[in-house]
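Below: one structure, written as C-alpha cells.
Only this structure's heavy atoms are used, side chains among them; waters, hydrogens and symmetry mates stay out. Quick note: residue numbers are just sequence positions, from 1.
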Amino acid sequence: MTTDVASHRKPKQYPLAGNTARTAATLALAGVATATALDGTGNATPPPTKDQVKARVGQYYREAEVATERYNGVREKADRARSALDGLQDEAARRTERLTAARNALGSFATAQYREGGLPPAVRLLLSSSPDRYLERASLADRAGSLQTVALTRVRSELRGVEQVRTTAAARLAELKDEQAALARHKRTVEAKLDDARRLLNRLTAEERAEFHGGGAAAEAPAGGAERGTAASTVPLGDRAGRSVSHGGAQAPTERAARAVAFAYSALGKPYVWGATGPSGFDCSGLTQAAWRSAGVSLPRTTYTQINAGRRIGRSQLAPGDLVFFYSGVSHVGLYIGGGKMIHAPHPGAPVRVAPVDQMPFAGAARPV
C-alpha cells in the first residue's frame with residue numbers, strides 16, 4: 001500500500017527561473033505564431049494593388065535611370081582615359097625608337113674612340129707619318145667629340161621623355177581601372193533596379209503591363225504624312241522666308257534644330273536600351289545626343305552635363321529642338337518638338353515616342369545652339 005500511495009504522488013513543482021521563463025514564453029509565442037501562419041489566419045501583409053505596383057515600378061525605373069546616367073558619365077570618362085592611354089602608349093613607342101637611335105649613335109662614337117686606342121694627342125702626333133694629315137684628323141675628332149656630347153645629351157633627354165610618358169601612362173591605366181570598377185558598380189545597380197521592376201511587373205496581367213508601358217501619348221507620325229523611321233524624315237522643312245520648320249509645323253530656331261527634330265522623329269518606335277546611343281536603340285540622353293549629332297552638334301553624354309551644354313531657357317521660350325529635363329536630379333531628358341510635346345526614350349519596355357512635356361516634373365531646358 002505504501003508503495004502504491006507513493007507511486008501516485010504528484011511530482012514536486014519547481015518555479016521557472018527568470019531566463020528559463022522568458023525562453024519558454026518566447027518558444028510558446030513562436031509556436032502560436034507558427035500555428036497561426038500555417039492556419040492562414042495571421043495578419044499577413046496584403047499584396048500590393050495594381051496602382052501600387054505601377055508606382056513602385058515607376059520608382060525603380062527612375063532610380064535605374066539615375067544609375068544609368070551615372071554609368072554613362074563614368075563610361076565617357078573611361079573612354080577618354082582609354083584614348084589617352086592609347087595615345088601615351090603610341091608616344092612611348094616613338095620615344096623608345098628615338099632613344100634606341102640615340103643610343104646607337106652614342107655607341108658608334110664610343111666604338112670609334114676605342115679603336116683609336118685612347119692615346120694622348122701629342123703621342124699620336126709624334127707617331128704619325130704625316131703631321132698635316134694628323135692635324136686634319138684631329139680637327140675632325142674635335143668635331144666628333146662635340147657630336148658625341150650632343151648624342152649623349154639626346155640620349156639623356158629621350159630617356160627622361162620615355163620615363164615621363166611611362167609614368168603618365170601608368171597613372172592613366174590606374175584611372176582607367178578605377179573607372180572600369182565604377183562602371184561595373186553602376187551596371188550592377190541598374191540591373192538590380194530593372195530586375196526589381198521586372199519582378200513587380202510580372203504580378204500584372206499582360207493587358208496591365210501593356211497599359212503601363214503604353215502610358216502617355218502614343219507615337220505619332222510626323223506632320224505631312226511622312227512615315228516613321230524613313231530617311232526622308234531626316235530632311236528639315238523650310239518656310240518661304242527660308243526659316244527651319246519642324247515636322248509639327250512649329251518654327252525651329254535654326255536649321256540644325258530642325259535636323260535634330262527630324263532625327264528624333266526617325267527614331268520613333270525604336271526600343272529603350274540603357275546605355276545606348278543608337279542606331280537600333282537609345283536611352284534618354286543617348287537619343288538627344290544622337291539627334292543633335294545628326295545635325296553636326298556634339299553634346300556630352302549625360303543628362304546632368306547636357307543641361308549645361310547650351311543656353312538655358314525658360315519653359316515659355318521652348319522651341320523645337322530644345323532639350324527638356326525632368327525630376328529634381330535632372331535624370332531624364334527629351335527633345336522638344338513644339339505644341340507642348342517632346343520625343344523621348346521613356347524606360348525599358350517603352351519605345352521612343354511622343355509624349356506631353358507635362359507628363360513628368362519639369363526641371364529645366366537648354367538650347368544647344
Side-chain angles (χ1 to χ4, degrees), residues 64-80 83 183 190 219-222 226-237 244 246-248 252-311 318-326 330-338 341-355 357 360 365-369:
E65 195 160 47
V66 170
T68 296
E69 291 305 310
R70 289 174 180 167
Y71 172 90
N72 291 337
V74 173
R75 188 171 68 175
E76 191 174 41
K77 291 171 64 178
D79 288 344
R80 286 198 298 266
S83 177
L183 272 178
V190 173
E220 302 172 2
E227 296 180 0
R228 290 185 305 169
T230 63
S233 66
T234 62
V235 180
L237 307 176
S244 298
S246 74
H247 281 285
T254 65
E255 182 178 331
R256 285 181 170 179
R259 287 187 178 276
V261 171
F263 180 94
Y265 270 106
S266 75
L268 287 174
K270 292 188 177 181
Y272 177 99
V273 179
W274 74 270
T277 59
S280 57
F282 303 89
D283 61 19
C284 67
S285 58
L287 174 63
T288 51
Q289 185 189 51
W292 274 100
R293 183 172 59 237
S294 73
V297 177
S298 178
L299 291 182
R301 181 62 182 89
T302 66
T303 53
Y304 47 84
T305 51
Q306 286 184 6
I307 196 171
N308 296 316
R311 179 168 61 89
L318 286 175
D322 291 342
L323 305 176
V324 283
F325 300 88
F326 303 92
V330 193
S331 59
H332 191 74
V333 62
L335 191 79
Y336 189 71
I337 58 173
K341 296 180 180 180
M342 65 176 174
I343 293 177
H344 73 138
H347 54 72
V352 176
R353 62 170 56 141
V354 175
V357 172
M360 293 172 285
R367 182 167 298 162
V369 291

Determine whether V352 and Y272 make a side-chain contact, defined as any pair of heavy atoms from C-beta on separated by less than 4.5 Å. no
Pairs flagged by side chain to side chain donor-acceptor pair (under 3.5 Å) wherever residues 281-291 is involved - sequence neighbours left out: E69-S285, N72-D283, D283-R301, S285-R301, T288-Q306
What one should report as the nearest heavy-atom pair of G278 and F282 is CA-CE2, 3.4 Å
Rounded to the nearest 0.5 Å, what's the gap from CZ on R80 to CZ on R75? Could you check? 12.5 Å
Residue among R311, R367, K341 satisfying salt bridge (Lys or Arg N to Asp or Glu O under 4.0 Å) with D322: R367
Do the ring planes of H332 and F326 sit parallel (below 30°), tilted (30 to 60°) or perpendicular (above 60°)? tilted
Minimum heavy-atom distance between S280 and P271, given as atom pair plus value: O-CD, 3.2 Å
Between P351 and G269, the two heavy atoms sitting closest are CB-O, 3.5 Å
CZ (R70) and OH (Y304) are apart, to the nearest 0.5 Å, by 7.5 Å
Interatomic spacing from CE in M342 to CD1 in I337 - rounded to 0.5 Å: 9.5 Å
Looking at side-chain heavy atoms only, is the closest gap between I343 and L268 below 4.5 Å? yes
Tell me whether T277 contacts the main-chain N or O of A290 through its side chain, where contact means a donor paired with an acceptor under 3.5 Å. no
Any idea which heavy atoms bring P320 and P253 closest together, and the distance? O-CD, 3.4 Å
Closest contact, heavy atoms only, F325 versus T303: CE2-O, 3.4 Å
Of the non-hydrogen atoms in A291 and L335, which two are nearest, and what is the gap between them? CB-CD2, 4.3 Å
Would you find a donor on one side and an acceptor on the other, under 3.5 Å apart, between the side chain of W292 and the backbone of G321? yes
Kindly compute the distance separating OG1 (T68) from NE2 (H347), expressed to the nearest 0.5 Å. 13.0 Å
Step-by-step side-chain contact (heavy atoms from CB on, under 4.5 Å) determination, L323 to I307: CA-CA 7 Å; L323 305 176; I307 196 171; over 6 Å; no
